[in-house]
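From a predicted model like this one, the values you see are computed outputs, not experimental measurements. In what follows, chains are A, B, ... by sequence order, proteins preceding strands, each numbered from 1.
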Amino acid sequence: MAARYVLSIDQGTTSTRAMIFDQHGRLAGMGQREHRQIFPQPGWVEHDAAEIWHNTRHVIPEALADLGISVADVAAVGVANQRETFVLWERTTGRPVCPAIVWQDTRTRSVADHLLDDPGADFFRQRAGIPPASYFTAVRLSWLMDSRPELRERAHRGDLLLGTMETWLIWNLTGGPDGGIHVTDVTNASRTLLMNLESLHWDSELLEFFDVPRAILPKIVPSSTIVGTATGSLAGVPVAAAVGDQQSALFGQTCFEAGEVKCTYGTGAFLLMNTGDEIVTSTHGMLPTVAYQLADGTKAYALEGSIAVAGGLVQWVRDGLGLIRSAPEIETLARTVDDSGGCVVVPAFTGLFSPYWSSGARGVISGLTSFVTAGHLARAVLESCAWQTNDVVEAMAADAGVPLKSLRADGGMTANHLMMQMVADVLDVSVVRPTMSETVSLGAAYLAGLAVGYWSDIKVLRRNWHRAGQWDPQMSPQVRESQRAAWRSAVGRTLGDGSVAAG
Amino acid sequence: MPGRVQSVERAAAILRLLAAGHGRVLGDLSGALGLSKSTVHGILRTLVEVGFVEQDPASGAYLLAAEVLGDRSKPMDINEMRSRATNWVDGLAARTRLAARLVVLPETEPTEITSGLTAHHVFSASPAPQRVEIGDEVDLAATAEGKMLLALSPIGGQVLDSLLRAERSAKSGDRLRDDVTLTRSRGYAVDTGGSGTDGAGVAVPVRSHGGTVVASLGVRGSTEQVLTPARSARKDVLRTLDEAARGTSHALMSKRW
Ligand SMILES: Nc1ncnc2c1ncn2[C@@H]1O[C@H](COP(=O)(O)OP(=O)(O)OP(=O)(O)O)[C@@H](O)[C@H]1O
């Protein structure tokens, strides 16, 4: 009997989940496990790669059991992952030799600032399409090898392997030290600052610049292609997709045409616009990136606006301030008031990403008066997600030369009804949410299913997309403009820009 | 055997009263127990200190602490409920191509409840314009979701009684009572539209710990889409609905939040 499902692994920033999808792209079963967030010093964020692999091994059978199917029912497995986070491990034992240094980590902030001066952003942009920032893998990797020279030495000797999280998981899934396949896909590689964005190969000059030996690098493959066969609880299943989580969400939202845009609201928020087979260079702080590459070589690029902190701010209200017990309760709290009482929050916890790219920016709560209650603060938190989205949308419209017509939203935060309305109000366009909000997982499932012929082509996938909800703008232009002014001024303070703050 | 400790007995009586209701004020408790306010206050203060009881800062009412309840008997925050349920409710709408709705009773005294509350709403697959109905009130007597709650929610009977008391027409009162009885016996509810709602709906209960019904999950569409010619729920619809309700129950009870 033909296998009836596709399994996808979403190795995220806070958890790892296995999700099983049917032919219609509907979620049929899942397993999920959180992993520890390790903060050894202010600005440092680490994960334990061994723990993540352990969790992955656990959630796969959990998902199979949830649906009550056996591995024979699984046509293919795909992996989507938090991007830019990397780990080094021993080729012969599979033991990590360092913590996984997470994309949110800002320990290399000053290194990145220095690179902006020398050799300058253009050196990197011309090759990788992206500027140097602590966000991208190479900057943190070279810092690690500088601060632990024995690792650089072992890397040169060929003892070690480098991987972003999909590479790590696929290597382990396909046997680990015992014949594991060492690959990364074009989307993940496009975020390392080591791949040439046009050729889609590792860039010799960048490798040389960061002193990264080729011996540790995975092979770059399309996002949708059979790379090997899984062992363990998925024994015999083709491993058929690897893709960065945000590109995966773009694919899961079936944004296959140039101009189609999605925004995923999770720990961070990531807005991507498909730009077709063309690389659109940005003059407004957007990142050109690879959207996907299929097995036949078809590729699409995207323009990305990255917001470092969205749901992460809600987590802070929960864990840091203790104002709520669960993230969704922020909506209940926010609904106790009608507006933010003049309070504005700019969550520059780890600097600001798009469109500002300021690693030195630090968070600000402005408009704080004794009138402000927890409810006002909760509202300001949700509004900050909407205004950060707007900053990115405006910058992207300027780069792409076309205004946004509507926004496809997904991710855990889209369950927040109040926030969805705020986004529509602030952007002044309709916001739509699909019935499958786990688009990150869905995208990897689609890519894996395409590679093994479970789905025939991308046209079939489009028919799986259904509108679950739509929010239309209701805000008056006056309110929008006054909020915009307050937001701008607060961002100015975040950037330490006295002139804006005074204005 | 040593004699009973009076203050522990009194504390237990207070906890029992708090467990029964939606929060009570000091005077109310002292009246119910026939004890002076100062005695009751002293015991309450100790209970608050040990973390068994919480005082609502706005109303001054005392409540059992979430810790004691293991977060269970306290009604779940409606927004949290939506977040937890969303994958299942979305999936239900995707599978059936019908509009899906998760409905709860508001957190007030049973006698004050006149309508249900939409915790989640997902559009049907139809391209027609639709509006997100999250947070909207739901007619308890005229919708499948409402009737389900009247039939099986722990306070459903009390709510039904108070709705019937307010009902002027004896005929429609009888019809509602019959509907609720039928719903209880077959385990799902049906409506055939009317009073501002189009088409037809089917709803099933969503259970939490100990089998308590905490919400109802329903789909709506044209009459042919959800009902048989004999006006009972279509089997395929009911099967998908039951499966989604079980998934939702599971998601509501899971610890990981
Ligand atoms: N109803 C809600 N309202 C506001 N914020 C929410 C809500 N539900 C979830 N969140 C926030 O969204 C984030 C979780 O969303 P999601 O599960 O999509 O995360 P994620 O970024 O994909 O995580 P990971 O990277 O681990 O996959 C958390 O930061 C949480 O605080």
Side-chain angles (χ1 to χ4, degrees), chain A residues 14-15 17 19 21-22 24-34 66-67 311 314 318 324-336 374 378 410-421 424 430-438 441 463-472, chain B residues 54 57-58 65-67 69 71 74-102 107 117-136 240 243-244 246-247 250-252 254-257:
Chain A
T14 54
S15 73
R17 33 196 166 189
M19 292 200 170
F21 293 93
D22 68 12
H24 299 282
R26 300 178 301 211
L27 178 63
M30 73 171 284
Q32 176 170 17
R33 271 212 171 181
E34 288 191 7
D66 184 33
L67 180 57
V314 178
R318 185 191 65 188
I324 47 178
R325 278 172 309 173
S326 71
E329 276 184 31
I330 191 139
E331 183 172 352
T332 312
L333 186 56
R335 284 187 188 280
T336 58
D410 55 67
M413 276 187 108
T414 56
N416 193 309
H417 178 48
L418 180 61
M419 193 190 93
M420 288 294 96
Q421 185 60 51
S430 296
V431 176
V432 288
R433 180 180 83 80
T435 45
M436 185 60 244
S437 68
E438 304 284 355
S441 294
R463 287 201 291 273
N464 288 343
W465 193 96
H466 290 292
R467 184 178 57 148
Q470 170 166 335
W471 292 263
D472 297 318
Chain B
E54 284 170 357
E67 187 198 344
L69 299 168
D71 251 352
K74 191 167 187 284
M76 179 178 287
D77 178 87
I78 188 171
N79 295 309
E80 181 173 346
M81 182 182 277
R82 178 168 60 257
S83 268
R84 284 167 173 262
T86 192
N87 277 342
W88 291 99
V89 186
D90 288 358
L92 174 63
R95 279 190 163 68
T96 58
R97 306 180 64 81
L98 302 167
R101 210 157 50 157
L102 185 69
E107 272 180 60
L117 198 58
T118 310
H120 198 10
H121 167 235
V122 182
F123 289 2
S124 77
S126 147
Q130 299 172 63
R131 188 183 63 80
V132 180
E133 292 167 18
I134 293 168
D136 282 10
T240 316
E243 199 185 306
R246 260 198 311 277
H250 199 77
L252 297 188
S254 107
K255 278 215 197 61
R256 190 195 53 238
W257 270 76

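Contact record, B/Arg95 with A/Leu27: NH2-O, 3.6 Å, taken as the closest heavy-atom pair.
At a 4.5 Å heavy-atom cutoff, the contact between A/Asp22 and chain B is made by side-chain atoms alone. With a threshold of 4.5 angstrom between heavy atoms, B/His120 approaches chain A through side-chain atoms but not through N, CA, C or O.
Interface check for chain B: of the options A/Glu438, A/Arg433, A/Arg467, the most heavy-atom pairs under 4.5 Å are formed by A/Arg467. Ranking A/Ser15, A/Pro434, A/Ala415, A/Gly25 against chain B, the residue ahead of the rest is A/Ala415, based on heavy-atom pairs under 4.5 Å.
Taken from CG in A/Asn416 to CD1 in B/Ile134, the straight-line distance is 9.5 Å, to the nearest 0.5 Å. Taken from CG in B/Leu92 to CZ in A/Arg26, the straight-line distance is 11.0 Å, to the nearest 0.5 Å.
Using a 4.5 Å heavy-atom threshold, the side chains of B/Asp90 and A/Ser437 count as touching. Side-chain contact between A/His417 and B/Asn79 is absent, with no heavy-atom pair separated by less than 4.5 Å. With contacts defined as side-chain heavy-atom distances shorter than 4.5 Å, the pair B/Ile78/A/Arg335 does not qualify.
The pair B/Arg82-A/Glu331 meets the salt-bridge criterion, since a charged nitrogen lies less than 4.0 angstrom from a carboxylate oxygen.
Within the structure, every pair that satisfies the salt bridge (charged side-chain N to carboxylate O under 4.0 Å, His left out) test and touches residues 126-135 of chain B, not counting sequence neighbours, is listed here: B/Arg101-B/Glu133, B/Arg131-B/Asp136.
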